[in-house]
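Every heavy atom of this structure was used, including side-chain atoms; hydrogens, water molecules and symmetry mates were not.
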Amino acid sequence: MELLKQRILQDGRCYPGGILKVDSFINHQMDPMLMYKIAEEFIRRFQDCPINKIVTIEASGIAPAIMVGYIMRLPVVFVKKKKPKTMENMLSTVVHSFTKDRDYTVCISNNFLTPEDHVLFIDDFLAYGNAAMGMIELAEQAGAVIEGMGFIIEKAFQDGGNLLRGRGIRVESLAIIDSLDDCMIAIR
């Protein structure tokens, strides 16, 4: 997606340790017009899938997931990083956050993730694939089918994409970063 790639090169910032910061337009301050175009591209790429629910994990995946759900007129559910006292019929698993370097017990109510669901998982980044693997675990617990996973940005050098594709998951990434060596952003 050329518009996204241009924006990453223009406004993205790189930090040592393989960190790409896109907080000025994706995951802190958001550009709604860009997010809408991102959603349209995800829909185009997954148009052949029998999707009936969009799922993401809080917090940075919520904006693109909402846009996809809005355009497709489908419900959007986000996996929570903290268990609410009021959650019923909870499914949970542990996910390690690369960005925050900590483990989270993430959860979703099986009232909102069921064996009838054909899920499109949307998130902002794919790095090591930890959040995505957590989603796979939750879907397996619920008996739901993951039709595909869409990521705004994939860090190819951190191997999460290979891990997911090796498991037979359909992965669509709108911008693939091959390297952040020497804090230079190399986009495929």
Side-chain angles (χ1 to χ4, degrees), residues 1-31 34-46 49 54-68 78-79 81 93-104 106 119-139 146-188:
M1 184 176 168
E2 285 308 310
L3 178 64
L4 175 62
K5 291 176 186 178
Q6 290 169 8
R7 194 67 184 272
I8 292 167
L9 292 173
Q10 174 187 313
D11 295 328
R13 294 189 328 244
C14 184
Y15 292 91
I19 296 170
L20 174 62
K21 207 163 177 175
V22 290
D23 63 342
S24 68
F25 59 101
I26 288 180
N27 56 17
H28 191 38
Q29 173 174 274
M30 288 172 254
D31 179 337
L34 176 63
M35 205 61 74
Y36 192 86
K37 293 291 187 190
I38 285 168
E40 286 182 322
E41 182 62 16
F42 280 137
I43 291 163
R44 186 187 71 74
R45 292 186 185 203
F46 289 105
C49 297
I54 312 301
V55 179
T56 190
I57 189 162
E58 67 178 348
S60 298
I62 294 174
I66 284 286
M67 285 286 192
V68 170
F78 67 91
V79 174
K81 288 185 179 172
T93 191
V94 175
V95 170
H96 182 76
S97 168
F98 167 75
T99 309
K100 296 191 171 125
D101 192 28
R102 63 177 278 210
D103 290 340
Y104 291 93
V106 299
V119 171
L120 173 58
F121 178 75
I122 298 289
D123 208 357
D124 61 340
F125 272 96
L126 171 58
Y128 293 104
N130 298 333
M133 293 302 290
M135 183 62 230
I136 291 168
E137 170 64 26
L138 293 172
I146 295 179
E147 294 292 341
M149 295 187 157
F151 301 93
I152 297 175
I153 299 169
E154 176 180 343
K155 295 179 181 177
F157 59 92
Q158 289 178 329
D159 221 30
N162 291 335
L163 175 70
L164 295 175
R165 290 177 185 101
R167 289 191 61 145
I169 302 291
R170 179 174 175 184
V171 175
E172 294 286 344
S173 301
L174 304 187
I176 298 176
I177 308 297
D178 282 323
S179 171
L180 293 173
D181 292 346
D182 301 319
C183 282
M184 298 294 295
I185 301 169
I187 301 179
R188 185 173 300 169

Atom of A63, atom of M30 and distance for their closest heavy-atom approach: CB-SD, 3.2 Å
Do the non-hydrogen side-chain atoms of L20 and F125 ever get within less than 4.5 Å of each other? yes
Side-chain touch E154/V171, heavy atoms, less than 4.5 angstrom: yes
In Å and rounded to the nearest 0.5 Å, what is the CG to CZ distance from L164 to F151? 5.5 Å
Which heavy atom in F42 sits nearest to a heavy atom in I152, and how many Å separate them? CZ-N, 3.7 Å
Return the minimal non-hydrogen interatomic distance between A39 and P64, and the atom names on each side. CB-O, 4.5 Å
For K37 against L3, the heavy-atom pair lying closest together: CG-CD2, 4.1 Å
Side chain to side chain, D123 and M149, heavy atoms closer than 4.5 Å: no
I'd like to check F46 versus R170 (side-chain heavy atoms, cut-off strictly below 4.5 Å). Are they in contact? yes
Do any side-chain atoms of residues 127-137 form donor-acceptor pairs under 3.5 angstrom with protein atoms, and if so which ones, sequence neighbours left out?
{"residue": "N130", "atom": "ND2", "partner": "H96", "partner atom": "O", "Å": "3.1"}
{"residue": "E137", "atom": "OE2", "partner": "Q141", "partner atom": "NE2", "Å": "2.9"}

Approximate separation, where rounding is to 0.5 Å, of N27 CG and I62 CD1: 12.0 Å
Mind checking the CG-CD spacing from L174 to E2? Nearest 0.5 Å is all I need. 11.5 Å
Got M67 and I38 here, is their nearest side-chain heavy-atom distance under 4.5 Å? no
Indicate yes or no: at least one non-hydrogen side-chain atom of I153 is less than 4.5 angstrom from one of D124. no
Side chain K5, main chain R188, donor-acceptor under 3.5 Å: yes
Can you give me every donor-acceptor pair (side chain of residues 7-17, partner residue at least two apart or in another chain, under 3.5 Å) with its distance?
{"residue": "R7", "atom": "NE", "partner": "D11", "partner atom": "OD2", "Å": "2.5"}
{"residue": "R7", "atom": "NH1", "partner": "D31", "partner atom": "OD2", "Å": "2.6"}
{"residue": "R13", "atom": "NE", "partner": "Y15", "partner atom": "OH", "Å": "3.2"}
{"residue": "R13", "atom": "NH2", "partner": "Y15", "partner atom": "OH", "Å": "3.0"}

Quick check: closest heavy atoms across A59 and K81, and the distance to 0.1 Å? N-NZ, 4.5 Å
So does R44 pair up with E40, basic N to acidic O under 4.0 Å? no
Which distance, rounded to the nearest 0.5 Å, do you find between the CD1 of I185 and the CG of D178? 12.5 Å
Can you confirm whether Q158 sits close enough to I177 that some side-chain heavy atom of one is under 4.5 Å from a side-chain heavy atom of the other? no
Look at the side chain of T56 and the backbone N and O of I122, then say whether any donor-acceptor pair between them is shorter than 3.5 Å. yes
The criterion is ring-ring contact (aromatic ring centres under 6.0 Å, His included); which residues satisfy it with F78, sequence neighbours excluded? none
Closest contact, heavy atoms only, L4 versus A175: CD2-CB, 3.8 Å
